[in-house]
Amino acid sequence: MSVLFDILASVGMWEAVLRIATPLILGTLGVLLCERVGVLNLGIEGIMTFGAMIGWLTVYGGGDLWTGLLVAAAAGAMFGLLHALLTVPLGLSQHVTGLGITLFAASFSYYVFRLAVPTASSPPTIEPFRPLAVPFLSDLPFLGPVLFTQTAPTYLALVLVAAIAWGLYRTPLGLAVRMAGENPHALDAQGVDPILLRIGAIMAGSALMGMAGAFLTTAAFNSFFPTMVQGRGWICVALVVFASWRPERALLGALLFAFFDAFQLRLQTVVDGVPYQLFLMLPYLLSILALVLMARRARVPQALMQPYRRGER
Amino acid sequence: AQSPVKVAGIHASPVENAWNSVLHAALLGAHEEGVIDYTFSEGVSGTDYPRAMREYAEAGNVLIVGESYAVEREARTVASDYPDTAFLMGSSGEAAGDNFGVFGTWNWEAAYLAGMLAGEMTETGTVGSVGAIPIPEVNMLINGFADGVKAVNPDATHLVSFIGTFFDPPKAREAGLAQIDSGADILFGERIGTADAAQERGIKAIGSLINYTPRYPDTVFANAMWYFRPLLDTALTDAVGGNPVGKTYTPLSLMEDGGNDIVFVEGVAPPEAVTRMEEVRAAIKAGEFEVPRNFDEPA
Amino acid sequence: MRFERRAHPSRALTILAPICAILLALLLAGGLIAIAGANPLKAYRLILTGAFGSRLGLSETLTRTTPLILTGLAAAVAFRARLWNIGAEGQFYLGALAVPAFCMLPLVSSLPGPILIPLCLMAGAVAGMVLLLLPLGLRLKFGVDEVVTTLLLNFVAVLFVSLMIEGPMKDPMAFGWPQSVPVPDAAILPKLMDRARLHAGLPLALAVAVAVWWVQARSVFGMRSRAVGLNPRAAAFAGVPLGRTLVAVACLSGGLAGLAGAVEVMGVKAYVTTDLSPNYGYSGIVIAMLANLNPLAVIAAALFSAVMFVGADSMSRALSIPSYIADVTVALSLLTMLVAIFLAQYRIRR
Amino acid sequence: MTRVLELEGITKRFGAVTANDDVSLHLERGEIVALLGENGAGKTTLMSILFGHYTADSGTVRVDGQELPPGRSRAAIQAGVGMVHQHFALAPNLTVLDNVLTGTEPLWKPRSDRAGGREKLVGLARRFGLKVDPDARVSDLSVGECQRVEILKALYNDARILILDEPTAVLTAQEAEGLFATLRQMTQRGLSLIFISHKLGEVMAAADRVVVLRHGRVVAERRKVHTSKEELAELMVGRAVKRPTRPPATPGELLLEGVDLHLAGKGGASLKGASFHLRAGETLGIIGVSGNGQTTLAGLVSGLYPPDVGKLLIEGHRPPRHDVPHAIAAGIGRIPEDRNAEGAIGDMTTWENVVLERIWSPDYSTRGLVRRDAARATTEAILRDYDVRGARVDGRIRLLSGGNMQKLILGRVLSADPRIVVAAQPSRGLDEGAIAGVHERLLEARSRGAGVLLISEDLEEVMALSDRIMAIVGGRLSPAIPAERATQQLLGLMMAGDWSTLDDIAAEGVHAV
Ligand SMILES: Nc1ncnc2c1ncn2[C@@H]1O[C@H](COP(=O)(O)OP(=O)(O)OP(=O)(O)O)[C@@H](O)[C@H]1O
Ligand SMILES: Nc1ncnc2c1ncn2[C@@H]1O[C@H](COP(=O)(O)OP(=O)(O)OP(=O)(O)O)[C@@H](O)[C@H]1O
Ligand SMILES: [Mg+2]
Ligand SMILES: [Mg+2]
């Protein structure tokens with residue numbers, strides 16, 4: 001028992017929670033934006049991979065860290081555009097297009113990486129984002145090191161949660177976004193083009209996915225290697241449902257998931273005789289459990305996965 | 001001189017993975033020296049591995065280097081289908097036929113020596129190891145490290161985490177951080193990523209297989225190195241010379257034969273610790289001391 | 001600009017569009033190949049010869065087609081009923097694991113092949129079913145979206161496989177490497193060619209595809225599952241039992257994915273590891289969609305995907321360019337193919 | 001008077017169909033124009049073009065003399081055109097205020113002015129007598145309230161020209177009356193209106209001028225004072241239509257009896273102790289304001305869900321199981337309330353749609369396999385006997401018009417010779433000709449000896465077809481009155497829940513039989 005308490009009381013544990021959560025926050029916000037306009041984006045896993053690669057490569061090639069993040073976001077937006085063009089005006093199956101983009105973006109990332117960095121016998125590294133202590137706040141006991149000595153992109157992710165929540169609930173654009181996911185016909189009838197809006201939101205969401213990937217290579221770690229996204233994108237897709245498509249709950253979900261992940265890593269070091277796979281399964285199983293508990297309350301965007309073609313019936 | 005020998009490498013992981021990078025570097029070295037003509041595939045999944053072997057065999061490669069851990073049975077079938085091609089495979093099994101040679105990754109002696117340094121350096125009395133999957137060769141390495149620690153510091157605590165995969169540096173890093181939070185002040189990084197945790201928290205770390213010191217100059221003070229070139233050269237000589245390659249090349253991994261060794265930064269470990277370690281090192285090289293081989297999963 | 005569904009898609013277009021798609025994909029891939037410094041024309045030739053040009057290439061292509069047909073069918077039957085089974089990957093693994101697990105039962109391994117093989121295939125199918133029935137149950141009972149649960153269960157399934165092959169099912173003879181006990185020789189599917197991997201799973205998969213097509217097209221179940229997918233409310237009004245129909249669909253879909261795993265392990269590898277499937281489950285989804293959810297067309301789509309992969313993979317080795325080009329080529333051709341199929345069905349209006 | 005709107009020479013083709021053929025139309029300030037036409041005549045298409053939702057192949061739209069750019073809803077809205085769509089364009093998960101505010105402010109404004117918006121909305125609602133709660137979620141509203149929200153949406157955009165596409169299709173008579181009163185009031189405030197309707201009564205009551213479309217062309221234009229219902233019906237269909245009249249009933253044995261039925265609402269209102277009986281050869285009409293349980297009652301009798309309490313007896317017996325196949329096997333034929341959502345699967349073939357609900361029967365399947373030839377033969381007969389146009393046996397029925405879809409459903413149900421017919425809103429949204437056809441078929445079934453349970457919100461229809469009439473209020477059924485006694489006023493009282501005088505009338509009815 002006291003062992004568990006020690007883990008829970010350690011600053012390192014909670015600091016890790018926020019760090020592990022950051023790409024999940026960004027990715028979940030990305031999926032959320034897409035689904036809020038009614039489009040499932042299973043391309044996230046591949047887009048994150050590409051973001052991780054291109055963000056890193058930009059810095060490796062001499063760009064600064066923020067440029068790397070920006071390039072990753074732009075690349076994400078381009079994949080988002082591809083997904084959007086296929087699923088919105090063409091109305092192709094969103095599952096399949098998303099999976100297709102994941103297959104493409106991931107393998108394309110590895111290919112580009114290998115061409116750009118041909119003979120790496122140990123993964124070449126960059127100087128990543130360093131933790132940034134917020135003046136004064138970082139001196140707070142416990143909270144200081146946990147909350148206020150993170151890397152800059154983590155702060156950015158937290159700000160984005162607030163910004164997107166504000167955007168969705170307080171601005172005309174956010175209202176239009178929500179309407180696009182609920183009933184694009186209504187939006188069209190009010191003179192806003194749902195097609196353009198959907199494309200835009202998917203690009204924005206995918207940009208966030210790209211950044212989520214870049215966080216892995218420019219802040220959480222300092223090099224890129226194939227398969228490094230390791231299913232984090234899929235987790236984001238689940239978290240959005242868990243979050244009932246609300247940004248503030250997405251934050252909560254990402255933190256919760258990160259908590260399990262950080263906790264199981266630490267638990268492994270102190271609990272003997274339990275196969276590690278059980279620990280690794282834990283976050284997934286708990287996610288499913290959370291979905292079951294949330295399902296009744298979740299309010300699915302009504303037009304999710306429904307293509308909108310003007311004038312077709 | 002003679003024209004280079006056609007050699008193919010098949011890497012199940014990307015060549016960044018430390019283990020593969022040792023092979024890859026040795027092969028590239030030989031390629032640049034004009035000894036071999038090297039082509040390779042990386043990230044080859046278990047399903048594709050036998051096909052890659054067959055294709056390289058049909059393409060006329062004299063020697064095919066790789067790892068058959070995940071495809072032991074099929075790899076041997078392929079070798080028997082292509083008797084004129086020599087195969088040198090990282091494997092936990094036995095050699096097969098005339099053309100299927102195997103080798104193990106036995107740098108546990110070097111790990112033991114690194115453990116001796118760590119055991120004397122730890123202030124908290126806790127050290128940690130982050131491993132991939134508890135397979136024999138990984139177990140042996142981590143046990144070697146633990147034995148080294150215990151040899152000089154019987155009361156030390158040794159934490160072990162497995163990340164469940166062979167290549168996920170951020171995960172290894174998180175596992176390392178978790179161990180630091182549990183009191184470890186020296187980490188043995190069987191997996192890449194561990195040293196990043198140590199670097200972040202300002203503690204020391206030990207690398208494995210390759211030399212991590214240039215990458216983490218102030219963090220990694222010792223490395224349990226493994227060298228592939230002796231293995232490659234021997235197998236190449238056998239293959240070209242028409243000798244059967246179907247044998248176990250693992251002994252060339254031993255420290256005695258220059259297959260593994262410790263590389264460490266002077267002035268980090270206390271001089272007496274280094275002296276004691278050097279004594280054991282010399283004893284191993286002289287064949288006077290044998291580091292225990294323990295393939296069991298470390299507790 | 002808007003798209004209008006063609007009342008009668010022309011036959012010429014239906015054939016021409018996919019060909020254009022392949023050409024476009026190859027053109028794009030050619031650009032990437034050229035960037036790597038190789039000659040695209042040579043690469044194209046190598047893709048063809050790699051996939052068909054030799055006994056090895058041909059047998060490898062067909063070997064890879066086999067599981068793809070089955071996972072493609074798994075997705076096709078589920079999607080028909082709007083059961084979004086994204087979990088074929090996990091079902092594949094459990095199906096594969098079920099075979100050695102079943103063979104570990106007392107007495108089983110002493111059964112003769114003709115009895116043992118069908119039993120093993122069934123064991124695999126049942127395992128796949130079980131894994132899909134779970135998320136279906138959550139959907140029916142709690143309204144949990146199965147896209148997400150099936151996706152997450154893929155990870156759980158692979159970890160479960162990992163747990164088993166490092167635990168109770170670990171092969172004691174595998175030098176500690178995490179792999180399952182091997183399937184007994186009696187349960188290994190016969191080879192169709194010597195010195196190659198091609199096995200009896202291929203004719204089996206073809207037969208299954210025909211059978212699934214027949215069931216879909218001719219049976220009451222097929223009609224009901226389609227009705228449930230197209231308009232669940234109207235189906236309920238017509239007295240189609242939604243829950244029962246979906247359960248049956250899930251059994252078929254999960255069963256097919258599980259069968260794919262069983263066939264792969266019995267035909268190719270003989271034991272289970274956690275890298276048994278290079279995304280066969282996920283590819284199945286795309287293949288099903290390429291086939292427009294038609295079980296017979298799934299065969300062609302699976303073959304197409306296998307040709308692209310095996311050909312491009314072999315080409316990358318021959319040209320010494322990064323082997324990831326194989327996956328890139330497959331993914332590109334899938335995307336262009338999706339668009340082509342769409343454009344064959346719609347016309348562009350201003 | 002000033003012309004606020006002019007459509008000139010509008011032509012629009014969809015593939016081979018010419019939906020609008022050189023249509024011209026104008027609207028004066030403060031005028032109400034009714035647009036009339038059969039199903040598929042091109043009314044919705046014309047209005048969609050005016051609203052910028054579709055782009056015309058040729059022709060122009062002018063508002064206040066200014067030509068509108070084609071295909072831009074935004075421009076139409078800004079010019080003061082508001083449209084209430086045939087199928088509501090509302091988001092059920094959002095609030096009324098959200099629905100109204102969407103798209104009304106510049107998208108990139110950093111903060112939307114909800115307080116101001118609410119004020120304006122509440123003000124409009126008060127001024128035009130359209131009461132709604134701005135914070136209610138649309139999914140919690142009744143159809144009537146949704147209709148009001150739609151109108152408010154248009155008014156919020158400062159619409160001066162309002163287009164209503166079949167605004168009363170789903171409203172009860174009272175709601176419709178209220179709506180037209182509101183619309184009248186609006187014209188006095190300078191609004192001009194075009195509304196589309198199939199109900200000639202309300203056209204005659206509300207419109208100043210009537211424009212009739214047939215096959216995409218304007219075939220007539222009349223001032224209201226110069227025309228009559230009969231003339232309009234004939235202009236629309238191109239021939240004289242007359243709804244059939246009901247011959248006297250000869251009620252036979254008891255076919256269907258509901259005893260104290262309770263059922264928690266399945267997405268609709270609950271039943272709380274409904275009892276009724278239905279005899280052979282008679283039609284029992286059930287009227288009521290929507291949201292009082294008629295959908296639940298229809299679903300229960302159709303076999304979709306069993307009652308929580310109470311029993312449903314078919315010819316005196318309880319079927320072994322309460323589900324759809326047993327209901328059908330026991331002789332119940334079911335005409336669903338919503339033909340597109342419940343009655344048909346648009347992407348399945350005609351024959352599949354015909355036999356799906358009987359696929360369990362040996363007529364259409366043996367050992368789990370579909371008997372396609374038998375199914376096709378039945379379908380062919382139905383297409384022929386029920387004059388279903390535009391359908392092929394092997395074609396998908398997605399593109400079938402409402403009237404033909406209803407004919408197909410009638411054929412599917414009636415060709416099996418059911419003892420009991422449950423008809424829920426059988427003529428909703430249909431044009432005059434189609435309605436006459438439906439009524440004829442239902443009367444035919446009755447004279448053949450079937451019992452017809454007619455659940456409808458259309459009083460005229462119920463009075464025309466029923467032998468006895470009950471009202472459903474709050475999940476309970478009123479006593480039945482004989483149709484001869486039914487007057488608009490009495491039915492109004494019944495639907496309002498005032499049943500005090502009914503027992504006497506019902507008692508008389510018993511004597512009369
Ligand atoms: N999006 C569309 N695509 C193809 N054809 C269409 C489309 N919309 C309408 N049509 C065609 O245009 C014609 C007119 O349809 P419209 O919806 O305008 O009729 P309507 O008069 O509104 O009928 P109703 O009274 O039933 O609402 C129909 O025959 C139909 O075939
Ligand atoms: N997308 C379309 N393409 C071609 N023809 C269509 C299309 N939609 C409808 N039609 C045709 O339009 C005609 C009328 O259709 P429409 O949908 O307007 O009927 P409706 O009576 O208005 O239906 P509802 O009662 O649902 O309003 C039919 O002949 C139908 O075949
Ligand atoms: Mg209309
Ligand atoms: Mg209509």
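Lettering of chains follows the sequences in order, A, B, ..., and the numbering in each one begins at 1. Quick note: numbers below take in every heavy atom, side chains included, and nothing from hydrogens, waters or symmetry partners. Computed from a prediction, not measured in an experiment: that's the story for all the values here.
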query: What part of C:V215 is in contact with chain D, defined as an atom under 4.5 angstrom from a non-hydrogen atom: side chain, backbone, both or neither?
result: neither
message: Determine whether a donor-acceptor pair (N or O, by modelled atom type, separation under 3.5 Å) exists between the side chain of C:N231 and the backbone of D:E342.
response: no
message: For D:R334, which atoms come within 4.5 Å of any heavy atom of chain C: side chain, backbone, both, or neither?
response: both
statement: Here the pair of heavy atoms bringing C:A236 nearest to D:L304 is O-CD2, 3.6 Å
query: More than 12 foreign heavy atoms under 6.0 Å from CZ of D:R137: is that the case here?
result: yes
query: Is there side-chain contact between C:F237 and D:V324, with heavy atoms separated by less than 4.5 Å?
result: no
message: Within residues 242-261 of chain C, which residues come under 4.5 Å of chain D, heavy atom to heavy atom?
response: none
Pairwise side-chain contact, D:V370 with C:M223, heavy-atom cut-off 4.5 Å (strictly under): yes
message: As an exercise: rank C:R233, C:R218, C:R224 by heavy-atom pairs under 4.5 Å with chain D and give me the winner.
response: C:R218
query: Are C:W214 and D:L369 close enough that some pair of their side-chain heavy atoms sits under 4.5 Å apart?
result: yes
statement: d(D:R398 CZ, C:L230 CG) to nearest 0.5 Å is 11.0 Å
field: Winner by heavy-atom pair count (cut-off under 4.5 Å) against chain C, out of D:G303, D:S365, D:S302, D:A344
entry: D:A344
field: Residue pair C:R226 / D:I345, side-chain heavy-atom distance below 4.5 Å
entry: no
Partners meeting salt bridge (Lys or Arg N to Asp or Glu O under 4.0 Å) with D:R376 (sequence neighbours left out): D:D373, D:D394
- prompt: Which answer fits D:D323, side chain, backbone, both or neither, if we ask what part of it has an atom under 4.5 Å from a heavy atom of chain C?
  reply: neither
